[in-house]
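Letters go in sequence order (proteins before strands), and every chain restarts at 1. We use all heavy atoms of the structure for the numbers below, so side chains are in, but hydrogens, waters and symmetry mates are not.
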Number of protein chains: 2
Amino acid sequence: MNAATGTKSVTADEVIEVAGRIVDTHGADALTMRRLADELGAAVTSIYWHVGNRDELVDALVDRLIADMGTLRARGATPRERIASLARAMRRQLLERPQLVALAHERARTPAMFQPVQDAIARELAVMGLPGDETALALRALQMHVITSVLLIRSIDRFGAQEPVDAVEVFEFTLAAMLDALEARARTA
Amino acid sequence: MNAATGTKSVTADEVIEVAGRIVDTHGADALTMRRLADELGAAVTSIYWHVGNRDELVDALVDRLIADMGTLRARGATPRERIASLARAMRRQLLERPQLVALAHERARTPAMFQPVQDAIARELAVMGLPGDETALALRALQMHVITSVLLIRSIDRFGAQEPVDAVEVFEFTLAAMLDALEARARTA
DNA sequence: ACCTGAACACCGTTCAAGT
DNA sequence: ACCTGAACACCGTTCAAGT
C-alpha cells in the first residue's frame with residue numbers, strides 16, 4: 001500500500017494473473033493497459049515498471065500457459081489407442097483456454113505447447129513400427145489437427161452445412177483417418 | 001477532381017481496391033483509415049461517406065474475395081482423384097490471398113468461400129458411394145483441412161520438429177488419409 | 001451528392017518527477 | 001525500488017460546415 005496516494009502496491013505476478021483473467025473471459029482485444037490498470041487499482045504506468053510493455057506482458061502470459069500444461073499420460077493398450085488418448089487429452093487441455101492458445105499460436109509458441117506430448121507420441125509411433133524418417137511428418141500432421149480443432153472451435157459449427165455437425169465428431173473422424181494411415185504405413189514397412 | 005481543394009474524387013470501388021492492396025501486402029492491421037485516406041489522396045472522412053465504417057469496408061473486401069473465387073473444375077477419372085483435385089485447387093486459390101482469407105474466416109464467411117466446391121465435392125462423394133447421412137461430416141472435415149492449411153501456413157514450418165517438414169507434404173498426408181477413410185466407408189456401406 | 005477539418009474517446013508508450 | 005500524471009503519437013468515428 002502506498003500511504004501517500006492510497007493506491008495498492010502491485011506485483012508482477014498479480015499483473016499477469018489479472019491480465020490472464022481478462023484474456024480468458026473477454027478475449028485478447030479486451031486486454032488494454034488502461035483496463036488492466038483499472039482492475040488492478042493502480043496507475044497505467046506502474047504496469048510498465050513490473051512487466052515491461054504489452055508485448056512482454058502477453059509473452060509472460062503465454063509462458064505461464066506453457067508452464068501450466070501438466071505432463072499428460074497416455075492411456076490404452078495399443079499404440080493407436082495411446083496416441084489417440086494423448087491427442088484427446090491435449091485437445092481437452094487447450095480447450096480450457098482457447099484465447100490464450102490463439103495468442104500462443106500467433107507468437108509461434110505452438111511447438112513449446114506440444115513439447116510434453118511430442119516425445120510421448122514419437123515413442124508410440126516407434127512402437128507402432130512407423131519408419132523413423134516418417135515420424136516428423138506424422139507428428140506435424142497430428143499437431144496441426146489438434147491445434148486446428150482448438151483454434152477453429154468457434155467456426156466449425158456454422159461451417160455452412162445444411163445440418164450442423166458436432167466438432168468432436170469432425171475431430172474424431174480425421175484423427176481416426178490419420179491413425180489408420182499411420183498403421184498402414186507401419187504394416188507395409 | 002475537386003476544383004476548390006485540389007484533391008481527387010474517390011469512388012467506393014477505388015476505396016475497396018486500395019484497401020485490398022494494403023491488406024494483401026501489409027496485413028489487416030496495416031489497414032487504418034488514415035493510411036487508406038493517404039494512399040487515396042483524400043480526407044479520412046470521405047471514406048466514411050463511400051463505404052461506411054472500417055467494419056463495413058472489411059465486409060466489402062471479403063464479399064469481393066468470395067465473388068472473385070471462380071468456379072473450380074474437378075480433374076481426374078475417379079471420385080477420389082476429383083475430390084483431391086478440388087481440395088488442391090481451393091487451397092491454391094486461397095493461398096494467393098491468405099490475409100483476406102483470415103479476415104473472411106474471422107467473420108464466419110468460410111462457408112461462403114467454400115460454396116463453389118461444396119456442391120462439386122458432395123456430388124463426387126455420392127458417386128464414390130458414401131452414405132448420404134455421412135456427407136455433411138465429410139464435407140466439414142475436408143473444409144477444415146483446406147482452411148487450416150491456409151490459415152496455419154506461416155507456422156507450420158517452425159512447428160517445433162527437429163527436421164523441417166514441407167507444408168504441402170503435411171497437407172497431402174492428411175488429405176490422403178481422409179480419402180482412404182471415405183473410400184473404406186463407401187465400400188462397407 | 002460529395003468532401004472537408006475539428007473534435008471526441010479511445011489506444012500504447014515515454015519520461016521527468018515524486019516518495 | 002516503486003508509483004505517478006502529463007504528454008505524445010497513434011487509432012476509429014461523428015458532425016457541422018462547406019461546395
Side-chain angles (χ1 to χ4, degrees), chain A residues 1-63 99-100 102-104 106-107, chain B residues 1-63 99-100 102-104 106-107:
Chain A
M1 172 70 92
N2 187 320
T5 60
T7 57
K8 258 197 318 199
S9 284
V10 178
T11 65
D13 275 351
E14 230 176 315
V15 173
I16 294 171
E17 195 196 304
V18 173
R21 213 177 49 224
I22 294 176
V23 169
D24 285 342
T25 55
H26 299 101
D29 286 347
L31 180 62
T32 71
M33 302 306 263
R34 283 172 173 83
R35 172 174 190 159
L36 183 53
D38 266 7
E39 299 205 7
L40 284 164
V44 184
T45 42
S46 69
I47 298 171
Y48 285 81
W49 197 91
H50 286 292
V51 297
N53 56 23
R54 189 180 186 279
D55 207 57
E56 295 175 74
L57 172 58
V58 173
D59 275 344
L61 240 38
V62 171
D63 282 340
Q99 312 271 11
L100 216 45
L103 239 28
E106 277 172 29
R107 287 163 189 255
Chain B
M1 171 72 90
N2 186 320
T5 61
T7 58
K8 260 196 315 203
S9 283
V10 177
T11 65
D13 275 350
E14 230 176 315
V15 173
I16 294 169
E17 194 196 306
V18 173
R21 212 176 51 223
I22 293 177
V23 170
D24 285 342
T25 56
H26 298 100
D29 286 347
L31 180 65
T32 70
M33 304 305 264
R34 283 170 173 84
R35 172 174 189 160
L36 182 54
D38 266 7
E39 298 204 9
L40 284 165
V44 185
T45 42
S46 67
I47 298 172
Y48 285 81
W49 197 92
H50 286 292
V51 297
N53 58 20
R54 189 180 185 280
D55 207 56
E56 295 176 73
L57 171 59
V58 172
D59 276 343
L61 241 37
V62 170
D63 282 340
Q99 312 272 11
L100 216 46
L103 239 29
E106 278 171 28
R107 287 162 187 257

Looking at every heavy atom in both B:A37 and B:A43, which two are closest together, and how far apart are they?
CB-C, 3.9 Å
Among all residues two or more places apart in sequence or in another chain, which pass the side chain to side chain contact (heavy atoms under 4.5 Å, CB included) test with [X]?
X: B:A12; result: B:H50, B:V51
X: B:A60; result: B:I16
X: A:D63; result: A:R109
X: A:T11; result: A:D13, A:E14

Side chain of B:S46, backbone of B:A42: donor and acceptor closer than 3.5 Å?
no
Sequence neighbours excluded, which residues qualify as side chain to side chain donor-acceptor pair (under 3.5 Å) partners of [X]?
X: B:N53; answer: none
X: A:D59; answer: A:R107
X: B:R34; answer: none
X: A:D24; answer: A:R97

Within a strict 4.5 Å, meaning less than it, do heavy atoms of the [X] and [Y] side chains meet?
X: B:R35; Y: B:H26; answer: yes
X: A:R54; Y: A:L31; answer: yes
X: A:V10; Y: A:V18; answer: no

Kindly express the pairing pattern of DNA chain C in dot-bracket notation, using | wherever a base pairs with another strand and counting only Watson-Crick or G-U pairs under 3.5 Å.
||.|||||...|||||.||
So, with a heavy-atom separation below 4.0 Å from DNA chain C, the residues of residues 44-51 of chain A are A:V44, A:T45, A:Y48
Return the residues of residues 53-62 of chain A meeting this criterion: a heavy atom under 4.0 Å from some atom of DNA chain C. Order them by number, or give none.
A:N53, A:R54
Distance check needed: D:dA9 C1' versus B:D38 CG, whole Å only.
15 Å
Residues of residues 22-34 of chain B with any non-hydrogen atom less than 4.0 angstrom from an atom of DNA chain D: list those, numerically ordered, please.
B:L31, B:T32, B:M33, B:R34
Would you say A:S9 places a side-chain N or O within less than 4.0 Å of OP1 or OP2 belonging to D:dC3?
yes
